[in-house]
Amino acid sequence: MSAESTGTPRDVRRPNIVLIVSDDHGYADRSALGTPGVSTPNLDRLAEEGATFTDAYVTAPICSPSRAAMMTGQYQQRWGATWFDTADIGTEPTIAEHLGKQGYATGYFGKVHYGPEGPGDRGCPPEHGFDESFYGLAGQSMGRLHYLTHSEQAVDEYGEAAKPMGVQPMWEGREPVECDQFLTSAFADRADDFITRHAEGPFFAMVAFNAVHNFCWQLPAEELEKRGLPAFEDWHPGADEYIDWYDGAISPHLANGRDYYLAQLELMDQQVGELLERLDALGIADDTIVVYLTDNGGSNCNYGNNAPLRGTKYTMWEGGIRVPMLMRWPGVTEPGSTSDALVSSLDLASTFTSAAGLTPPAELDGQDLAAVVQGASGHGELHWDCGWQWALRNDRWKLSWCDGKSQTATEISRVEHTDTGDGLFLTDIRTDQGEAVNLADQHPEIVDELTRVHARWCVDVGLPDPRTR
């Protein structure tokens, strides 16, 4: 792979690009799907004006490795990023670096979490291609950002709890900044300003909300009052042990948990609407690609709903890796259309570089979604591998394997209250997207064939043969 390749320029109009990424958004949690209590009129608008991908996937059931692949367009396993303890963004060129060399203004506004990043590390937006940025380093705070407060004073007040509660100052470029604005609004406001200043284009704005990641009770006081929801206290040392407090702060033990989650989702959707309206007001909506997706499946921790899919974040069940994905691209996507092609977050880099007038670099693992929505087939197969669990899917079959007795699986079951499964599981995914029936014993020849296919992929990306684990 070449870290210098940026593709070959082509003579095409260069659209603006807005990529909106949420955190742990449940597959069923859009009001257009009829899920009770959900209010997402602006995501619904995006779907009505663009395309919905029903079979869209990310490359990992957790955030850090998933985000690394999303940003680079390559399977993160190529540089050894398989789980939290090995995740990082790698050294391959990012979407922002490709687009920057094509004359795009680039801005990042939101949560950053590629691994245990620190100021100045490759994982910080200024170090992987973004001209402007306002962000929080979730890798310094157990993967989360506090929704309401970020200051040195808060760090002092929280003490030992500052890290798990994520109250550290935010970052603007390479400088720390304090912020006591509700983060969902803060991220959208910064993106709005960036878009307004660069309206003549072309620009690439990435908005990475920390919503709807736990801890969703961290809502503005006026929102709690309006919704009749009680305040819930963050963890403070001395009250009890953190892990015991955490267990009471997530599903299934947190009273009003689903209501907090739905409130965060609704407030995020409102900010998506503000951004869409800004594009309208500036007269650039027809010249702008807007993509929405989330970083992994909905989580039991915060009451996300992945129906009709089985499983949650952390697992290789569909509920861990299949995600909501919407794309509005005037002149390319048919309004209100739906595609069941096999697509991936890997495709964003190929799609955006192609739209910007580049021939997508050969090392990318994705495809151009413009071709897919215009009738081209999707991926022939997709792969996932975290070491202790793996899966692959083609158009019909999905094979997954998990060492359910491993320390990681045991800890996830205990702490996150979700079932990872154990052993091989074969599904006819076109007829059984809920993965209710294991067909492995009925079709050993398909299990063997798909295992060999995954083994070849492992060789390609540098992982051990799955048959030896």
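Side-chain contact check for Ser337 versus Val373: every heavy-atom pair is 4.5 Å or farther apart. Side-chain contact between Pro220 and Leu148 is present, with at least one heavy-atom pair separated by less than 4.5 Å. Residues Trp390 and Leu392 form a side-chain contact, since some pair of their non-hydrogen atoms from C-beta on lies under 4.5 Å apart. Residues Val372 and Val343 form a side-chain contact, since some pair of their non-hydrogen atoms from C-beta on lies under 4.5 Å apart. Residues Tyr104 and Asn16 are not in side-chain contact: their nearest non-hydrogen atoms beyond the backbone lie 4.5 Å or more apart. Proximity of Pro41 to Asp269: side-chain heavy atoms (C-beta onward) are separated by under 4.5 Å at one or more points. Proximity of Leu267 to Gln271: side-chain heavy atoms (C-beta onward) are nowhere separated by under 4.5 Å. Side chains of Gln442 and Leu426 form no contact here, defined as non-hydrogen atoms less than 4.5 Å apart.
Heavy atoms only, all atoms of each residue included: Asn256 and Pro230 are closest at ND2-CG, 3.4 Å. Closest heavy-atom contact between Ser400 and Ala391: CB-CB, 3.8 Å. Between His150 and Gln168, the shortest heavy-atom contact is ND1-O, 2.7 Å. Smallest separation of non-hydrogen atoms from Ala47 and Arg30: CB-NH1, 4.0 Å. When all heavy atoms of Val58 and Trp384 are compared, the closest pair comes out as O-NE1, 2.6 Å. Contact record, Ala69 with Thr59: CB-OG1, 3.1 Å, taken as the closest heavy-atom pair.
Aromatic rings from His379 and Tyr57 are positioned such that their centres are separated by 6.0 Å or more. Taking the six-membered ring where the residue is Trp, the centroids of Tyr27 and Trp317 are separated by 6.0 Å or more. Two rings, from Phe194 and Phe109, have their centers less than 6.0 Å apart. Ring centroids of Trp217 and Tyr147 are separated by 6.0 Å or more, keeping the two rings apart.
Between Trp171 and Tyr135, the ring planes are parallel. Angles under 30° get that label, and only those over 60° would be called perpendicular. Using cut-offs of 30° and 60° for the angle between ring planes, the Phe215 and Tyr246 rings count as perpendicular.
The side-chain tip of Arg67 does not point at the ring of Tyr114 from less than 6.0 angstrom away and within 45° of straight on.
Other residues, nucleotides and ligands contribute at most 12 non-hydrogen atoms within 6.0 Å of the CD atom of Glu200. Counting heavy-atom neighbours within 6.0 Å of Gln374 CD, excluding the residue itself, gives a total above 12. Taking a 6.0 Å sphere around CG of Asp180, one finds it holds more than 12 heavy atoms contributed by other residues, nucleotides or ligands.
A distance-only check finds a donor-acceptor pair linking the side chain of Tyr75 to the backbone of His383 [under 3.5 Å]. In this structure, the side chain of Ser350 does not engage the main chain of Asp347 through any donor-acceptor pair within 3.5 Å. Panel note: side chain Asp432, backbone Glu435; a donor-acceptor pair is recorded below 3.5 Å. At least one donor-acceptor pair closer than 3.5 Å links the side chain of Asn302 to the backbone N or O of Val212. Checking side-chain atoms of Asp287 against main-chain N and O of Ile284 turns up no donor-acceptor pair under 3.5 Å. At distances below 3.5 Å, at least one donor-acceptor pair connects side-chain atoms of Arg14 with backbone N or O atoms of Gln102. For His253 (side chain) and Asp247 (main-chain N/O), a donor-acceptor pair under 3.5 Å exists by modelled atom type.
Ionic pairing of Arg328 and Asp286 is not present here: no N-O contact between side-chain nitrogen and carboxylate oxygen is shorter than 4.0 angstrom. A salt bridge does not link Lys398 with Asp428: none of the charged nitrogens is closer than 4.0 Å to a carboxylate oxygen. The pair Arg78-Glu363 does not meet the salt-bridge criterion, since no charged nitrogen lies less than 4.0 angstrom from a carboxylate oxygen. Using a 4.0 Å cut-off between charged side-chain N and carboxylate O, Arg45 and Asp280 make a salt bridge.
Going from atom OG1 of Thr315 over to atom CZ of Arg310 covers 9.0 Å, rounded to the nearest 0.5 Å. Rounding to the nearest 0.5 Å gives a distance of 12.5 Å between NZ of Lys101 and OG1 of Thr106. Taking OH of Tyr292 as the start and CG of Leu275 as the end, the distance is 12.5 Å to the nearest 0.5 Å. Rounding to the nearest 0.5 angstrom, the gap separating the CE atom in Met70 from the CD1 atom in Ile95 is 8.5 Å. One finds the CG atom of Leu369 at 10.5 Å from the OG1 atom of Thr333 (value rounded to the nearest 0.5 Å). Atom CG of Asp395 is separated from atom CG of Asp55 by 8.5 Å, given to the nearest 0.5 angstrom.
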Q) For His454 and Trp401, what are the C-alpha separation, side-chain angles and deciding distance, and is it a ring pair (Phe, Tyr, Trp, His ring centres under 6.0 Å)? A) CA-CA 11 Å; His454 188 63; Trp401 171 87; 9.7 Å; no
**Q.** Criterion side chain to side chain donor-acceptor pair (under 3.5 Å) on Asn210 and Asp23, from CA distance to verdict
**A.** CA-CA 6 Å; Asn210 61 315; Asp23 202 323; over 6 Å; no
Q) Where do Asp368 and Ser354 land on the side chain to side chain donor-acceptor pair (under 3.5 Å) test, with the steps shown first? A) CA-CA 7 Å; Asp368 185 352; Ser354 181; 3.1 Å; yes
(Q) Pair Arg227, Asp259 - check salt bridge (Lys or Arg N to Asp or Glu O under 4.0 Å), show working. (A) CA-CA 9 Å; Arg227 298 164 191 277; Asp259 293 327; over 6 Å; no
Q. Checking salt bridge (Lys or Arg N to Asp or Glu O under 4.0 Å) for the pair Glu132/Arg197: CA distance, chi angles, key distance, verdict?
A. CA-CA 12 Å; Glu132 302 180 34; Arg197 286 186 289 105; 2.6 Å; yes
Q: List the steps, then state whether side chain to side chain donor-acceptor pair (under 3.5 Å) holds for Asp234 with His146.
A: CA-CA 10 Å; Asp234 296 338; His146 203 284; 2.6 Å; yes
Q: Please test Asp44 against Ser31 for side chain to side chain donor-acceptor pair (under 3.5 Å), starting from the C-alpha separation and ending with a verdict.
A: CA-CA 7 Å; Asp44 297 344; Ser31 47; 2.5 Å; yes
